[in-house]
Amino acid sequence: MAKIDEVKEQVIIGKTKIVPGLVQEALDEGSVAKDILQAMIDGMKVVGDRFSAGEIFVPEMLIAAKAMAKGVEVLKPHLAADASTSLGTCVIGTVEGDLHDIGKNLVSMMIGSAGFDMVDLGVDQAPDKFIAAIKNNQNVKLVACSALLTTTLPALKKTVDAIRESGLSGFKIIVGGAPVTQKFADEIGADAYAPDAGAAAEKAKAIVAA
Amino acid sequence: MIIIAEKINGSIPSTGKAIEAKDADYIRNLAKVQSEAGADFIDVCASVEVSRELETLKWLIDLVQEVTDTPLAVDSPSAEVCAKAIDFCKRPGIVNSVSMEGNKIEIVFPKIADTKWDCIALLCDDSGIPRTAEKRLEVFEALMKKAKEYNIAPSRLHIDPLVEMLATSEDGINVIIKVMQEIKKQYPDIHVTGAASNVSFNLPARKIINQAFVVLAMNAGLDSVILDPLNRDLRGLIYATEALLGRDEMCIEFIHAFRAGLFGTQKQ
């Protein structure tokens, strides 16, 4: 097996101690940094799919992302010159009044692992905070908003409305959270909805590429 | 959690029968299934009359070593037998057990002093099992003095504070909980062990008591235990408790053990 394939396999099973060394070996073997990054992203896609299918548990997804992050550290000096590896910036946060960040953090991690640069606003973010972040960051291609409670669903609508009314463009909006459905996402004019972190990463890539 | 697998013990009726009948396959199978279930040590106890204990123990040890590399726990009430049985083992294991009774320590400690063998030590002496925590800790102190004398590191010792029967205890398991906590405080690297089932003698629904005991004892420092590794409920409970006590980063051990089928609902 080529080192680059091993990198992918070891990311999938979350070998945080092994991945950095393998990434270095893949570089030594002559693999291009960008390809190694892609191998890890592909690995995380497998992880995301397995999570969406209910085959693996949250800690296994977390540890795979951790393994990838360790690999990326080794890659970083080799990637710096080549900005084209990024899929763009993603601004993410929970909407105003919603303090639940466990799911949002998982989604942030998975979208980041798919190749986006993450700007994580945290929890309880008013619409103008999202708008400011879109303005103040380079190359924003995606805005991800989450609401966990039925009581904060209206804030999700308010946020999407405010972003649309701001006149800013060049990005897509993805929404999620336990009470959110595809139907609700359509109603409030979001570009996409995802039921879980694995699906969110896939949707993110798809709508940004569209 | 260090698992010392208990099933190859002549005092268990089915195993006793197999030993009498010289049923080698039965013993090999017990070694194999316990090892596959993740045992760290396979205990072997002959439980036959003294005149043929050593030869029976050798027979058991040889059989276990035919099918697994899992280290052995050589188990005998006689320190002499334990010391002699060490020579039958291909790799370092654990002596089960010594105490401050008679000259047990003087027989076993010199034998394992410059080896990698571990040793279980019971907190009793010639006056019996001390009733209070303070007295038991005095026995412990005397024991540690001996360990130091023979240069046996605390990390090689598994202290069994001797759980009494709940049925006749006046104060639940509070005495040994106190002892366990104090031992761990004094020597963070030492192991605290015990049999998971002694506490429930003479009570109904023993399994439930055993399970509650293990959880409470783990919270007090128990990190080594003598049990049936095929007991799925108990294994699951131990993995869950490790995770709840923050000893299983990201619950990965719990998930792996579940995937390995050690507990939980088995897929059809």
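Chain naming here is simple, since letters A, B, ... match the order of the sequence lines and numbering starts at 1 in each. Below, all heavy atoms of this structure are taken into account, side chains as well, without hydrogens, waters or symmetry copies.
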Item to check | Within 6.0 angstrom of B:Lys178 NZ, more than 12 heavy atoms from elsewhere | outcome: no
Checklist entry - Is it true that atom NZ of A:Lys15 has more than 12 heavy atoms of other residues, nucleotides or ligands lying nearer than 6.0 Å? => result no
Next on the checklist: If you count every heavy atom of other residues, nucleotides or ligands that lies below 6.0 Å from A:Lys205 atom NZ, does the total exceed 12?
Outcome noted: yes
Checklist entry - Would you find more than 12 non-hydrogen atoms of other residues, nucleotides or ligands less than 6.0 Å from B:Asn151 atom CG? => result no
Checklist entry - Rounded to the nearest 0.5 Å, how far apart are NE2 of B:His256 and CD1 of A:Ile13? => result 8.0 Å
Next on the checklist: Let's go through A:Phe57 and B:Met250 carefully: what are the C-alpha distance in whole Å and the side-chain angles of both, what is the deciding distance for side-chain contact (heavy atoms from CB on, under 4.5 Å) to 0.1 Å, and is it a yes or a no?
Outcome noted: CA-CA 10 Å; A:Phe57 300 96; B:Met250 295 171 99; over 6 Å; no
Item to check | NZ/NE/NH1/NH2 to OD/OE distance under 4.0 Å, B:Arg259 and A:Glu55 | outcome: no
